[in-house]
Amino acid sequence: MKVFETRGLKKSFQEFSALKGVDIHVNEGELFGLIGPNGSGKTTFFNCVTGTLKCSGGNVFFRGKDITNKGPDAIYKMGIGRTFQLIEMFPRMTVLDNMLLAIQESQGSMFGRLLTMNEDGNVKRALDLLGFLKISHLRDEYSKNLSYGQQKLLDFGMVLMTNPKLILLDEPTCGVEAEMRQELMNYIRDLNKQGHTIIVIEHNMDVVMNLCTRIAVLDAGEKIAEGTPEEIQNNAQVIEAYFGTEEDEEC
Amino acid sequence: MVRKIWLVSFLAIVACTFLLSSPVSAQQDKVTLAIVAEQSGGGAVVGERWTRGVQMAGDEINASGGILGKKVEFFIIDTKTEAPVAVAAVRKAIASNPFAVMGPVYSGSSIACMGLLAEAGIPQFVASESPNIATKNDPKNPNTFLSSLNVDLSVQKVANWITDVLKTKKMAILWVNNEFGRSGKDALKKVLTPKGVEIVIDLAAELGQSSFTGELARVKSSGADTLFVYMNEEESGKVLPQIREMGIDKQMKIIGETTILTEDTLRLAKDAANGVQGHVGLSPAAAPLKPVTDKYFAKYKEYPDHNFYKGYISMYVLKAAVEDNKSFDQQKFRDRMKNRVFCRKDYPGILMDVYYDGKGDIDRQTFLIKIENQKQTMSGILQPMNPGNFAGCK
Amino acid sequence: MDKINQGMRWQKMVAGSLCGLVLLILPSVIFKSQYFLYLSSLACIYMIVSCGLNITMGYAGQISLAQAGFLGIGAYTGALLGSTLGFWVTLPLGGLIAFVIGLGLGFPSLRVKTHFLAMVTIGFTVIVYLVLMNEQQWTGGPYGIFNIKKPSIGPFAFTSPAAYHIVVAVVTFILLFFAFWALNSPWGRAFKAIRENEGRAEMLGVSIRNYKLMAFAIGAGYAGVAGGLIGPLFGYIDPTMFALGFSFLFLLMVVVGGLGRFEGALLGAIIVAILPETLRFAEQYYPIIFALAAVLIMIFMPKGSVSFVDWVYKKLTGKEELQLTK
Amino acid sequence: MIEQLLIKGLSLGAIYAMIAIGFCLLWQSSRLVNFAEGEFVTIPAFLMVFFYSVLKLPFAPAIIAAIIVSAFLLGFVMKKTLVDALIARGNTPFVVTTIALGFLVRDSLTVFATPEALHFPSMIPQTPLQFGGAMFSSLDLWNIFVAAVVIVCLHLFIRKTKQGKALQAVAQNREAAGIMGIDVQKMILMAFVINAVLVAFSASLAAPIYMVKYDMGNELGLKAFYAAIIGGFNQVKGALLGGLLVGLIEIFTAAYISTQYKSGFVLIVLIAVILFKPEGILGTKEQL
């Protein structure tokens, strides 16, 4: 069953078109990979889907509803969470506050929140997640004082707070230490098994090929291939698009 | 948290100690008067003149032995030309327990603090000419005294001149939109309409307004034969050149009350003020005021305005009433100030005979002034409202 | 562990509140001079305004120059309806009216840029001033409104300055407590998040518009209540007490105190209301010193003069910051 | 009557327009809004009085000296101190700082100079003129003329010279201009200096009408700000149109609608523009 779908998604910045009509669909429970060379429009795709950027054309559907150009806050509350390639944090808020913020708006009414005194449930969940990510000792640290890898983990933790139906991960393992990376991959798999649908943008081919069940390849704003990891690995067009960019491991 | 509380308390105590360290103590052989006046802000200039008047009279009185042998001592508190600050200033003044409070000048400030002084039983002289002051006084026991005719009385006096001498039939009024201008406009309408003068148009100007084209265009086409300018010195000084530029002064008479005839207006309007006529309570052009005018000019190298005379005369009125009572009792002072005429022959310092009615209002001779060659010249005298009250001074 | 924290949190909150209440009421007991009592009441009123404005500006990041207008709305509500409805009704009513007008004003204008919002709010203040000045039949025009009565409960009237200060202090306490509560609730976290990174906050479901609107309206409502306290304090109000200049003053008050810090705004109010008295020797230079300080603080101490208190606190206790809110 | 109002309105609007154009240049080059712009007019006005009445310089040198000094103070010093310190933190801190700066200037002038309004002569003799039913003075034509010359010069400077084109590039996209090798900081400095010269010119025009007073800038600064927003913040021609419009609205409101609410009417126009066409009448939408 399709849980998420884009039809002819377009985005242009003045004369430059970053997405030229992308059709992608993701089925319930899939772990879907989105890859492509630098500048191929992967992050723009996420931004359009989550409402951060206004789409120039096409439609986005989530669980059968058209969510094109809805506000980012509304889309988040419908159950699409995401992480970021470049760190986007609240630098002068503590790690715990970052985590709590991620969930508070999805619960209750605005005025209910004003009267909330007891957030123990959320705190417990946040601490559990931080514990899993091995950064619970940092709970009262300002997030600006965290290392890049730690911030990346915090970002990942935040997206998990609300238990979203669809999770968009933008380069989740990039900058994370090697042993943590393996654990993260396992956790992503676990999440997927628990019923979360996940779309992953990844640079690291090993990660994508191991993790994903289906993969789409973007190049210059167009989808050039889609299929299982094996199909993608053998696709001539993909190899051509990636040729010469393989050594670019930075993110 | 406990530490935080300690720290906050500590800071609060420091703040309190700062606050508690300032009372002014009065000495035995001296009588303290508080000058609460506009020392800064928009009214700084007039406030300064009032202060100079009070102080000049005070210095003279001290030089000639003080009041009942006590030297007069002033302390000055600034109202910043804001009513709330004036209230604060008066509260501060009350804390030092002066015999009387001199000021403020602005009507809003004066009215805002008169209640407090009445409560504290400290008499007050104000430079304001608001008709509301007398009505806000306790009718049985007035505590706030004007130092010049209030606007309503002035207008009543000037009304006969407007109808009989100027023969005005249709009048336009340009008034500044504050307490002063509005009360003037209201009084003019109230007094002149029954006398058959038609107020064809009345237009509000903003405080500090600079361009009057829109208003003057309406005045010009209104068919009025007289334009009454009821604005402060600054707006008057700005509007007069524009009146001349649009040729309105050839079409109708330009008249005004007090402010349009002061040195400050002349300084801004230059020769555009020539030909303006009007009514003033106190002016350097008035003959009886000449000695003090000269003294002021020698000291400050400029001509004073009405506020200076008001301050000066009020000090001598205070002296006269206290010496009559032979005591510094404030209630006796208030009683003495009711329905009472002070004659120049008895008290030379007051310069002109003056009558205080039962409500704190004042009555005396006033003057008609005409501007010629950028100078104020006296063109007539208007007798007091009730000449009968002055019988004793003959 | 967290259960214990919960209990301690309550204890701390109650202790802190009592302490604050006592501090606010203290002047009624220790001051005999009605001038100092007046200053204390004024400081409290300013605290209400700056606390509200701090939510608007320090937390939700919007420049509002409408505070004087809202103050005027509150004050005139109290003065015009006070004799029929009574102080205890008009005080919250004035706040509520200002709050609703704040919603109405904020709703369309929050989508425009910061300096445009500043202009809309300037326009609002000027228009309120003009209405108060010109609609003489209702507002008394430039003559103002006199003999505004101080409140009473049953037979006990709060007529003396000391008694009225208790009223002011209690109202101030309630409003500060509410603000403190709100800033420690998820709302505070959302406000902070908006200030830190608006785009990201929105992507976490924070409805930027709703929160900014509430922040703006709360600031307005606070100013409205503060206005209701001004009338009885002076016994008199006129439109010049709510002119545009005061909006600028309130803005600088928050900035000098410390933008986005609960205690900073309060410090700013105290500085504006009381410091001129302690700097008596500098009387006429005081406004200059204050304005210069505001400029220098903006350049060198963006966190406001409260960071000086932080510094003292650090010297005393070795801790990073004296922070009352999270 | 209408021609009377038109001429006077344009004469007033010309002064507003010059200040408003200064606003726009600052915004375009630096994305900063100067809330002390009114005081930027007051300062050169006081300098003129100082040079003319206190130092007794002849009239023309006094005005030139005032313009040079204000270009230095309000252009160079301003850029090197406040702007450099605050520009990295965005517009809001700068707005607040300039509000404080405005207080500082006004309070300092009342204490150290004078709280009184001062008379200041006009640059040309005031001779009364008549045109149809309109009676005005040579000063009104002079205001319009000076403003027109200054604005045309500025326009030519921006369109034709290398420096002007660089300024335009910065206005369109600061980052891109920086990459193209334009010294953005220098352009900002230039904008501040041009602004200072513009306000100094408008001060010389405004002084005979407004009188030199510590708070003369309040009204001028606000009106110019209204003008810039109504016309369009990012267009010099927008500010010009806005200035003239504000001048006309002010005078026509007083003449035909209400004298008591005349300052309210222009605000209603302003608020309507902000809500319905935030980029201003001639402004273009900005991609930020």
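First the proteins, then the strands, lettered A, B, ... as listed; each starts at 1. What you see below is based on every heavy atom in this structure, not just the backbone, and it leaves out hydrogens, waters and symmetry mates.
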Interface residue of largest heavy-atom contact number with chain D, from C/I127, C/I122, C/V126, C/V131, under 4.5 Å = C/V131

note = Separation between OG1 (D/T97) and CD1 (C/I299), nearest 0.5 Å, reads 6.5 Å

ask   = Rounded to the nearest 0.5 Å, how far apart are OG1 of D/T92 and CD of C/Q62?
value = 10.0 Å

inquiry  = Out of C/I63, C/L244, C/L259, return the one with the most heavy atom pairs under 4.5 angstrom to chain D.
reply    = C/I63

query = Looking at D/T98, D/L267, D/T110, which has the largest count of heavy-atom pairs under 4.5 Å with chain C?
reply = D/L267

Proximal component of C/V295, with respect to chain D [non-hydrogen, under 4.5 Å] = both

query = With a 4.5 angstrom heavy-atom cut-off, which part of D/R106 approaches chain C: side chain, backbone, both or neither?
reply = neither

ask   = Where does D/I274 contact chain C at under 4.5 Å (heavy atoms): side chain, backbone, both or neither?
value = both

task = Quick one: closest heavy-atom pair of C/A294 and D/A100, and the distance?
result = CB-CB, 3.6 Å

ask   = What are the two closest heavy atoms between C/N134 and D/Y261, and how far apart are they?
value = CB-OH, 3.6 Å

message = Can you tell me which portion of C/L65 sits under 4.5 Å from chain D's heavy atoms? Options are side chain, backbone, both or neither.
response = side chain

request  = For residues C/G245 and D/F103, report the shortest heavy-atom separation together with the two atoms involved.
outcome  = O-CZ, 4.0 Å

Part of D/V96 within contact of chain C (heavy atom distance under 4.5 Å) = both

ask   = Taking atom CD1 of D/I230 and atom CE of C/M119, what is their separation to the nearest 0.5 Å?
value = 9.0 Å

key: Approximate separation, where rounding is to 0.5 Å, of D/I99 CD1 and C/L249 CG   = 11.5 Å

remark   = Turns out that what part of D/L275 lies under 4.5 Å from chain C's heavy atoms comes down to both

inquiry  = Which heavy atom of D/R89 sits nearest to which heavy atom of C/M298, and what is that distance?
reply    = NH2-O, 2.6 Å

message = Under 4.5 Å from any heavy atom of chain D, what part of C/L252 do you find: side chain, backbone, both or neither?
response = side chain

request  = Name the region of D/F112, side chain, backbone, both or neither, that has any atom closer than 4.5 Å to a heavy atom of chain C.
outcome  = side chain

request  = Give the ring-plane orientation class for D/F233 versus C/F116, where under 30° counts as parallel, over 60° as perpendicular and anything between as tilted.
outcome  = tilted

inquiry  = Using a 6.0 Å cut-off, check whether atom CZ of C/F107 has over 12 heavy atoms from anything other than its own residue.
reply    = no

task = Check whether C/L130 gets within reach of chain D through its side chain, its backbone, both or neither, counting any heavy atom under 4.5 Å.
result = both

request  = Taking atom CZ of C/R209 as the centre, report whether more than 12 heavy atoms of other residues, nucleotides or ligands fall under 6.0 Å from it.
outcome  = no

